[in-house]
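Order of the sequence lines fixes the chain letters, A, B, ..., with proteins taken first and strands second; residue numbering starts at 1 for each chain. Remember, it's a predicted structure, so these values are computed and weren't measured experimentally.
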Number of protein chains: 2
Amino acid sequence: MPSTAAADTLKAIKLLEGRWKLIILFHLFDGKVQRYSDLERLIPDISQKMLAQQLRRLEFDGIVHRTVYPEVPPKVEYRLTEWGQALCPALDALLSWADQKDSFEEPA
Amino acid sequence: MPSTAAADTLKAIKLLEGRWKLIILFHLFDGKVQRYSDLERLIPDISQKMLAQQLRRLEFDGIVHRTVYPEVPPKVEYRLTEWGQALCPALDALLSWADQKDSFEEPA
DNA sequence: TAAGTAACTTACTTTTTTGTGCGTTCTTGA
DNA sequence: TCAAGAACGCACAAAAAAGTAAGTTACTTA
């Protein structure tokens with residue numbers, strides 16, 4: 001284990017931190033393609049500002065791909081990059097960790 | 001995949017979010033036991049307040065175990081719970097995801 | 001001419017998280 | 001008598017994240 005493992009894991013988690021990113025990602029898994037307005041509908045509590053901002057960040061980080069169709073009114077589609085799809089196993093591992101909680105009960 | 005998968009993964013990530021938690025955890029992996037003052041030394045930039053606060057939160061969440069020795073001056077030791085140790089594979093999965101990044105280069 | 005549409009910006013406010021510095025406790029050794 | 005040591009707690013300040021509401025663009029259709 002190189003000494004950067006901790007730092008790199010930190011970075012990985014930072015890419016996913018925040019109130020909205022995972023929620024957005026879950027709507028894009030399995031190759032789903034969504035328009036901005038689809039995501040707005042699927043995530044009723046998010047503000048337009050946060051949706052746009054987090055999508056841009058996910059795009060910048062290489063997790064989400066953005067396609068603009070030059071139409072009026074505008075049309076923009078979002079999908080995961082391949083690397084974004086590759087997040088699945090890691091999130092599954094986290095989920096199964098969370099699920100295991102009750103099977104470990106600490107001795108007092 | 002039950003429909004709570006997204007919500008549960010969210011919760012799991014929230015347990016690890018923030019500037020300090022993973023840093024603290026990395027110093028406790030592999031059964032390492034550390035005193036409060038050890039962690040202070042190992043994490044030079046953290047303030048006492050944040051160290052105490054995050055340790056309490058990790059304890060509350062069942063990830064870290066806290067042992068107080070009734071001595072003067074005080075002695076308090078921290079170690080991972082079994083469930084806390086069980087985080088390793090999930091963090092490894094995240095790390096390997098991060099490492100894979102360059103092997104996926106998106107077609108423009 | 002005017003309203004409608006999708007996908008955002010921008011300016012501003014509120015909330016949450018993090019940081020700073022000092023105080024507290026109790027006993028021991030100089 | 002008094003400073004030292006370990007592990008905090010507390011009040012307050014700064015910074016970061018999130019939320020609110022209104023404005024923008026550039027065509028299309030009524």
Whole Å only: how far is the [atom1] atom of [X] from the [atom2] atom of [N]?
X: Glu77(B); N: dA7(D); atom1: CD; atom2: C1'; result: 13 Å
X: Tyr78(B); N: dC8(D); atom1: OH; atom2: P; result: 3 Å
X: Glu17(A); N: dA17(D); atom1: CD; atom2: C1'; result: 11 Å

Hey, does [Y] have a side-chain heavy atom less than 4.5 Å from the side chain of [X]?
X: Arg79(A); Y: Leu28(A); result: no
X: Thr81(B); Y: Phe104(A); result: no
X: Leu42(A); Y: Gln34(A); result: yes
X: Asp92(B); Y: Thr9(A); result: no

Residues two or more places apart in sequence or in another chain: which of them pass side-chain hydrogen bond (donor to acceptor under 3.5 Å, both in side chains) with Glu40(A)?
->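 Glu40(A) satisfies side-chain hydrogen bond (donor to acceptor under 3.5 Å, both in side chains) with Gln48(A) once adjacent residues are dropped.
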Considering residues at least two apart in sequence or located in another chain, which fulfil the side-chain hydrogen bond (donor to acceptor under 3.5 Å, both in side chains) criterion with Arg66(B)?
->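 Arg66(B) satisfies side-chain hydrogen bond (donor to acceptor under 3.5 Å, both in side chains) with Tyr78(B) only.
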Side-chain N,O (Arg35(B)) to OP1/OP2 (dA6(D)) below 4.0 Å |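 The answer is no; no side-chain N or O of Arg35(B) sits under 4.0 Å from OP1 or OP2.
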Any side-chain N or O of Ser37(B) under 4.0 Å from OP1/OP2 of dA6(D)?
->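 False: Ser37(B) side-chain N/O out of range (4.0 Å or more) of dA6(D) OP1/OP2.
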Starting from the 5' end of DNA chain D, give me the residue, Gly18(A) or Glu40(B), whose nearest nucleotide shows up first.
->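 With Gly18(A) and Glu40(B) compared, the 5'-side residue is Glu40(B).
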Quick one: do Lys14(B) and Glu17(B) satisfy side chain to side chain contact (heavy atoms under 4.5 Å, CB included)? Show the steps, please.
-> CA-CA 5 Å; Lys14(B) 287 209 172 165; Glu17(B) 269 185 348; 4.2 Å; yes
Under a criterion of less than 4.0 angstrom to any heavy atom of chain B, what are the 5'-terminal and 3'-terminal contacting nucleotides of DNA chain C?
->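 The protein-touched segment is dT18(C) to dT27(C).
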Are Val68(A) and Phe60(A) grouped together when hydrophobic residues (ILVMFWY) are joined by side-chain heavy atoms under 4.5 angstrom apart?
->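 No; Phe60(A) is not reachable from Val68(A) via cluster members.
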Could you pick out which residue, Arg56(A) or Pro74(A), lies toward the 5' side of DNA chain C when each is mapped onto its nearest nucleotide?
->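 The residue mapped nearer the 5' terminus is Pro74(A).
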Taking it one step at a time, do Leu80(B) and His65(B) satisfy side chain to side chain contact (heavy atoms under 4.5 Å, CB included)?
-> CA-CA 6 Å; Leu80(B) 293 181; His65(B) 183 81; over 6 Å; no
Contact class for Arg66(A) vs. all strands (heavy atom < 4.0 Å): base, sugar-phosphate, or nothing?
->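 Sugar-phosphate only.
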Inter-end axis angle, the helix from dT1(C)-dA30(D) to dA30(C)-dT1(D), with every axis fitted to five base pairs (rounded, 10 degrees) |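 Inter-axis angle at the ends, rounded: 30°.
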Looking at Asp38(A) and Arg41(A), does any basic side-chain N land under 4.0 Å from a carboxylate oxygen?
->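 Looking at Arg41(A) together with Asp38(A), the answer is yes, because their closest N to O distance falls below 4.0 Å.
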Between protein and nucleic acid, restricted to nucleotides 19-21 of chain D and to nitrogen or oxygen atoms under 3.5 Å apart, what atom pairs and distances do you find?
from, atom 1, to, atom 2, distance (Å)
dG19(D), OP1, Arg19(A), NE, 3.4
dG19(D), OP1, Arg19(A), NH1, 2.2
dG19(D), OP1, Arg19(A), NH2, 3.4
dG19(D), OP2, Trp20(A), NE1, 2.8
dG19(D), N7, Lys49(A), NZ, 2.9
dG19(D), O6, Lys49(A), NZ, 2.3

Contacts of Trp97(A) that satisfy ring pair (Phe, Tyr, Trp, His ring centres under 6.0 Å) - sequence neighbours left out =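 Counting only residues at least two positions away or on another chain, Trp97(A) forms a ring pair (Phe, Tyr, Trp, His ring centres under 6.0 Å) with Trp83(B).
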